[in-house]
Amino acid sequence: MRFNQKDFGQRVRSQRRALHMTQRELAGEIFADAQHVGRIERGEKSASIELLIELSEALSVSTDYLLMGKKNKSGIRVQLMAVIEQLSEIAQKL
């Protein structure tokens, strides 16, 4: 299995959308600009190791998932924790 930059970008975009984040919001989380996020999502740019880790944390997925599309149980657990955190934040605002 080989790394595919376009697939990587599609996984970033898909997960960002699943979390209801804009490119600008994601960019703020990873200390980048929205144009760079857009280039990554279109497969025009790749990410440094540092940025890969930031993306993984901001999107609540494993680096394996972003790089190769591999899902693991701990990745699902992280996603569930992110949803719980988001719901808690919403509940506090009510």
Problem set entry | Flag if over 12 foreign heavy atoms under 6.0 Å of CZ, R24 | no
Exercise. Can you check whether K45's main-chain N or O pairs, donor with acceptor, with R39's side chain at less than 3.5 Å?
Worked result: no
Exercise. Within a strict 4.5 Å, meaning less than it, do heavy atoms of the T63 and I49 side chains meet?
Worked result: no
Exercise. Do F8 and I40 have side-chain heavy atoms sitting under 4.5 Å apart?
Worked result: yes
Exercise. At what distance, to the nearest 0.5 angstrom, does OG of S62 lie from NZ of K70?
Worked result: 10.0 Å
Exercise. So do I90 and K93 actually touch side chain to side chain, heavy atoms under 4.5 Å?
Worked result: no
For this session: Answer yes if the side chains of Q10 and E41 hold a donor-acceptor pair under 3.5 Å, and no otherwise.
Result: no
Exercise. Hey, does H36 have a side-chain heavy atom less than 4.5 Å from the side chain of L51?
Worked result: yes
Exercise. About how many Å separate CZ of R42 and NZ of K6, when rounded to the nearest 0.5 Å?
Worked result: 9.5 Å
Exercise. So do H20 and Q86 actually touch side chain to side chain, heavy atoms under 4.5 Å?
Worked result: no
Exercise. Among the clusters formed by ILVMFWY side chains lying less than 4.5 Å apart, do L59 and F31 turn up in the same one?
Worked result: no
Problem set entry | Side-chain (E57) to main-chain (E54) donor-acceptor, under 3.5 angstrom | no
Exercise. Is any side-chain heavy atom of Q23 less than 4.5 Å from a side-chain heavy atom of R16?
Worked result: yes
Problem set entry | E29 (side chain) donor-acceptor with A58 (main chain) under 3.5 angstrom | no
Exercise. Counting only N and O atoms by type, is there a donor-acceptor contact under 3.5 Å from the side chain of R11 to the main-chain atoms of L67?
Worked result: yes
For this session: Indicate yes or no for a side-chain donor-acceptor contact from S88 to the backbone of I84 under 3.5 Å, with no hydrogens or angles considered.
Result: yes
Exercise. Which is it for L19 and L26 under the side-chain contact (heavy atoms from CB on, under 4.5 Å) test, yes or no, and what are the steps along the way?
Worked result: CA-CA 10 Å; L19 295 173; L26 178 56; over 6 Å; no
Exercise. Between OH of Y65 and OG of S14, what distance do you get to the nearest 0.5 Å?
Worked result: 5.0 Å
Exercise. Is the closest side-chain heavy-atom distance between I30 and V37 below 4.5 Å?
Worked result: yes
